Amino acid sequence: MFWACTGSWTALSKLFEGCAGGGGRFDPAMLTYFVQYWSSDNTKPLDNLKLHYGSSFLYPVCTMGAHVSEASPMVPFETKAAIAMCGTFGYELDATKLKKKEIRACKKMSGLYHKYYDLNFFGDYYRLANPFEQVNLVAWECVAKDKSEALVTVITVNLTVNGPQEYIKCKGLEPDKYYRVEGGTGSLTASGMALMHAGLPIPREIPEYTAFIYHLVEI
């Protein structure tokens, strides 16, 4: 088995991780001793959408252990990695069995994780779609403290070809400022007001369980 945590806490000489023990020991007070928690032994990515959503009401993203594993082979590798980015991010699998395209995905997603590390871990976290209620997609957002940039992650779950156009409404942006949005199938420029009230259009006719990561930068 290969396990690698791509995150780092440079202030600590050693990294200790607490274990939730099925949720029974996921205790905020224990963060005095452990900087992160292993949220669950269930590493199925679609289940983790609910685990992360529920945990985020009390725990920041930087404390939630999340890995890419061999579970749920029907879910694309990059989608698994996008979900794991809503946590400490790492790989928990046999690297000798990875296909070439999966190795390329490892490099790509690890690079994105490091690129957006500060924004993901220290920005303001917003839940954009409830996985317990929303049947078509799940989404969350991290916004820089000065609102100059944001990272929006969208996981499509059950989009239908003939269904309505889906939009994800952002939160926490400056309504009067304009943002360049990169990701998805292209780029666009829109005001914070438009992004928060009209929302980001999600591409249609896409493979099931596709992930989109949108980077919003103030212009």
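The structure presented is a predicted model; accordingly, all values stated were derived computationally and were not measured. Position 1 is the first residue of the sequence; numbering continues from there.
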* Asked: Does the pair K147/E174 count as a salt bridge with the N-to-O cut at 4.0 Å?
  ->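 Salt bridge between K147 and E174, a charged N being under 4.0 Å from a carboxylate O: no.
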
Look only at the side chain of [X] and the backbone of [Y], and say whether a donor-acceptor pair between them is shorter than 3.5 Å.
| X | Y | answer |
| --- | --- | --- |
| N120 | M85 | yes |
| E141 | T153 | no |
| Q165 | P201 | no |
| S55 | L51 | yes |
| S110 | K107 | no |
| Y113 | T88 | yes |

To check you understand the geometry: which heavy-atom pair defines the closest contact between [X] and [Y], and what is its length?
| X | Y | result |
| --- | --- | --- |
| E17 | G65 | OE2-CA, 4.4 Å |
| Y91 | C106 | OH-O, 3.1 Å |
| A150 | L119 | C-CD2, 3.8 Å |
| P45 | K80 | CG-CG, 3.9 Å |
| F132 | K50 | CZ-CB, 3.6 Å |
| M74 | L46 | CE-CD1, 4.4 Å |

* Asked: Once the angle between the rings of F57 and Y53 is folded into 0 to 90°, is it parallel (under 30°), tilted (30 to 60°) or perpendicular (over 60°)?
  ->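 F57 vs Y53 ring planes: perpendicular.
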
Tell me, do [X] and [Y] make a side-chain contact under 4.5 Å, heavy atoms counted?
| X | Y | answer |
| --- | --- | --- |
| I155 | Y209 | no |
| Y59 | L31 | yes |
| I219 | Y179 | no |
| C170 | V152 | yes |
| I202 | I168 | yes |
| F77 | K101 | no |
| P203 | F212 | yes |
| L93 | L98 | yes |

* Asked: Of E182, E149, R180, which meets side chain to side chain donor-acceptor pair (under 3.5 Å) against H215?
  ->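 Answer to the side chain to side chain donor-acceptor pair (under 3.5 Å) test with H215 among E182, E149, R180: E149.
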
* Ring center gap for W140 and H52 short of 6.0 angstrom ->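 No: the rings miss the under 6.0 Å criterion.
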
* Looking just at side-chain N and O atoms, do S56 and R127 make a donor-acceptor pair shorter than 3.5 Å? ->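 Note: S56 and R127 side chains meet the donor-acceptor criterion.
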
* Asked: Are N42 and S40 close enough that a side-chain donor and a side-chain acceptor fall under 3.5 Å?
  ->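 Side chains of N42 and S40: no pair found under 3.5 Å.
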
For the atom pair [atom1] ([X]) and [atom2] ([Y]), what is the distance rounded to the nearest 0.5 Å?
| X | Y | atom1 | atom2 | answer |
| --- | --- | --- | --- | --- |
| H197 | S191 | NE2 | OG | 9.0 Å |
| Y214 | S187 | OH | OG | 11.5 Å |
| D124 | K171 | CG | NZ | 12.5 Å |
| L151 | K115 | CG | NZ | 9.5 Å |
| H67 | N48 | NE2 | CG | 10.5 Å |

* Asked: Cluster question for you: counting only ILVMFWY and a side-chain heavy-atom cut-off of under 4.5 Å, with indirect links fine, are V181 and Y178 together?
  ->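 No, no single cluster joins them.
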
* Asked: OH of Y116: more than 12 outside heavy atoms within 6.0 angstrom?
  ->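 Yes.
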
